[in-house]
Amino acid sequence: FGRETGDVWLRSGLRDRRIEGGKLSFQVEGIDVKGAIDVDLSSKPWQLDFESELSNIDIGRFLDAFDLAKGVDARAGHAEIRLVTAGNSLEELSRALRLESKIEDLRWVFEAGPENRPFDIALSELELVSSQSQNTIWKTSGELNGSTLKAWMQTPSLPDTFDPGISLPL
């Protein structure tokens with residue numbers, strides 16, 4: 001994704017072209033990512049499953065590091081993230097990547113609409129499921145500009161949702 005990556009550490013056992021219960025840690029743009037990884041290359045389609053927990057996250061920086069969005073002003077207290085994919089080649093693995101996340105204590109400030117009205121979202125919990133080939137599903141509870149909010153919504157992919165050149169697809 002064209003970003004500087006710090007040291008990558010993988011601790012695991014490899015048996016029959018499988019990694020089960022591996023520990024993976026790396027750093028992207030100053031963001032420490034540590035988690036558990038399972039990889040099965042014993043037969044096609046290959047499978048990968050990575051789970052991580054993060055705390056005190058600058059979500060805007062994270063989205064920028066993975067080329068998903070620029071200029072997003074959002075932070076979260078805690079996140080559980082799972083990346084899963086399956087494919088017969090590295091290209092297929094990349095295209096089939098699916099993100100499942102649960103984010104707690106989210107604060108997102110942005111402007112939207114024809115008059116660029118300010119919005120301040122404070123969410124106690126946000127569940128997000130996204131992939132390149134499907135729309136993104138959001139489930140949440142919290143506050144929007146001081147009003148109680150409980151919502152389910154579907155938007156285009158994350159890059160389209162956070163593209164500052166198009167209106168917010170809500």
Side-chain angles (χ1 to χ4, degrees), residues 1-6 8 23-38 48-86 93-170:
F1 33 78
R3 299 289 180 208
E4 182 178 325
T5 303
V8 175
K23 303 295 180 199
L24 177 67
S25 65
F26 56 95
Q27 189 178 76
V28 176
E29 296 289 317
I31 302 165
D32 290 319
V33 180
K34 297 177 183 179
I37 188 166
D38 293 317
L48 179 136
D49 188 332
F50 177 71
E51 294 184 41
S52 179
E53 288 192 38
L54 305 169
S55 296
N56 301 317
I57 312 139
D58 182 338
I59 292 177
R61 188 173 182 180
F62 196 79
L63 291 172
D64 183 47
F66 288 94
D67 290 328
L68 293 172
K70 304 271 186 239
V72 174
D73 181 9
R75 297 189 174 277
H78 183 81
E80 297 171 9
I81 297 172
R82 181 173 184 218
L83 299 169
V84 293
T85 189
L93 287 170
S94 175
R95 277 198 321 250
L97 189 63
R98 176 181 167 99
L99 166 69
E100 301 169 1
S101 64
K102 180 179 177 182
I103 301 168
E104 297 172 343
D105 300 321
L106 173 68
R107 182 73 181 256
W108 180 21
V109 178
F110 63 95
E111 294 179 351
E115 298 173 6
N116 286 328
R117 286 186 30 215
F119 287 87
D120 184 355
I121 297 180
L123 302 176
S124 54
E125 185 174 288
L126 170 67
E127 292 183 34
L128 172 77
V129 177
S130 182
S131 70
Q132 290 183 357
S133 61
Q134 297 178 344
N135 288 336
T136 301
I137 304 296
W138 308 70
K139 291 190 282 186
T140 189
S141 60
E143 291 185 358
L144 170 62
N145 288 357
S147 299
T148 300
L149 171 72
K150 186 169 186 172
W152 177 96
M153 68 180 167
Q154 181 173 305
T155 66
S157 67
L158 287 178
D160 290 340
T161 298
F162 290 108
D163 184 342
I166 62 175
S167 62
L168 194 61
L170 300 178

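The chain is numbered in sequence order, starting from 1. Keep in mind it's a predicted model, so treat the numbers as computed, not measured.
- Residue Asp32 comes nearest to Gln27 through the heavy atom pair OD1-NE2, 2.8 Å, listed as atom of the first residue, atom of the second, then distance.
- Evaluated for a side-chain contact (heavy atoms from CB on, under 4.5 Å) with Arg107, the options Leu123, Asp73, Asp120, Ile121 yield exactly one hit, Asp120.
- Going from atom CD1 of Ile37 over to atom NZ of Lys23 covers 11.0 Å, rounded to the nearest 0.5 Å.
- Under the 4.5 Å side-chain criterion, counting only non-hydrogen atoms from C-beta, His78 is not in contact with Lys102.
- Taking the side-chain contact (heavy atoms from CB on, under 4.5 Å) definition, one finds that Arg82 meets it with Asp49, Glu51, Val84, Glu100, sequence neighbours left out.
- Once rounded to the nearest 0.5 Å, the distance linking CD1 of Ile103 with CD1 of Ile57 reads 7.0 Å.
- Ile81 places a side-chain heavy atom less than 4.5 Å from the side chain of Leu99.
- Using cut-offs of 30° and 60° on the angle between ring planes, the pair Phe50 and Phe26 is tilted.
- Taking 4.5 Å as the limit, every side-chain heavy atom of Thr136 sits out of range of all side-chain heavy atoms of Val129.
- Summarising the geometry of Gln154 relative to Ile137, their closest heavy-atom pair is OE1-CD1, 3.5 Å, with the distance given to 0.1 Å.
- In this structure, the side chains of Trp138 and Leu126 come closer than 4.5 Å at one or more pairs of heavy atoms.
- Here Glu143 contributes atom CD and Leu149 contributes atom CG; the two are 9.0 Å apart, rounded to the nearest 0.5 Å.
- The distance from the OG1 atom of Thr155 to the CG atom of Leu128 is 8.0 Å, given to the nearest 0.5 Å.
- Atom NZ of residue Lys139 and atom CE of residue Met153 lie 13.0 Å apart, to the nearest 0.5 angstrom.
- Here the shortest heavy-atom pairing between Leu97 and Ser131 reads O-CB, 3.4 Å.
- Side-chain contact between Leu54 and Lys34: absent, with no pair of heavy atoms (C-beta onward) separated by less than 4.5 Å.
- The two residues Ala96 and Ala86 come nearest to each other via the heavy atoms CB-O, 3.4 Å.
- The backbone N or O of Leu93 sits less than 3.5 Å from a side-chain atom of Thr85, completing a donor-acceptor pair.
- Remark: Leu48 CG to Ser94 OG distance equals 11.5 Å, nearest 0.5 Å.
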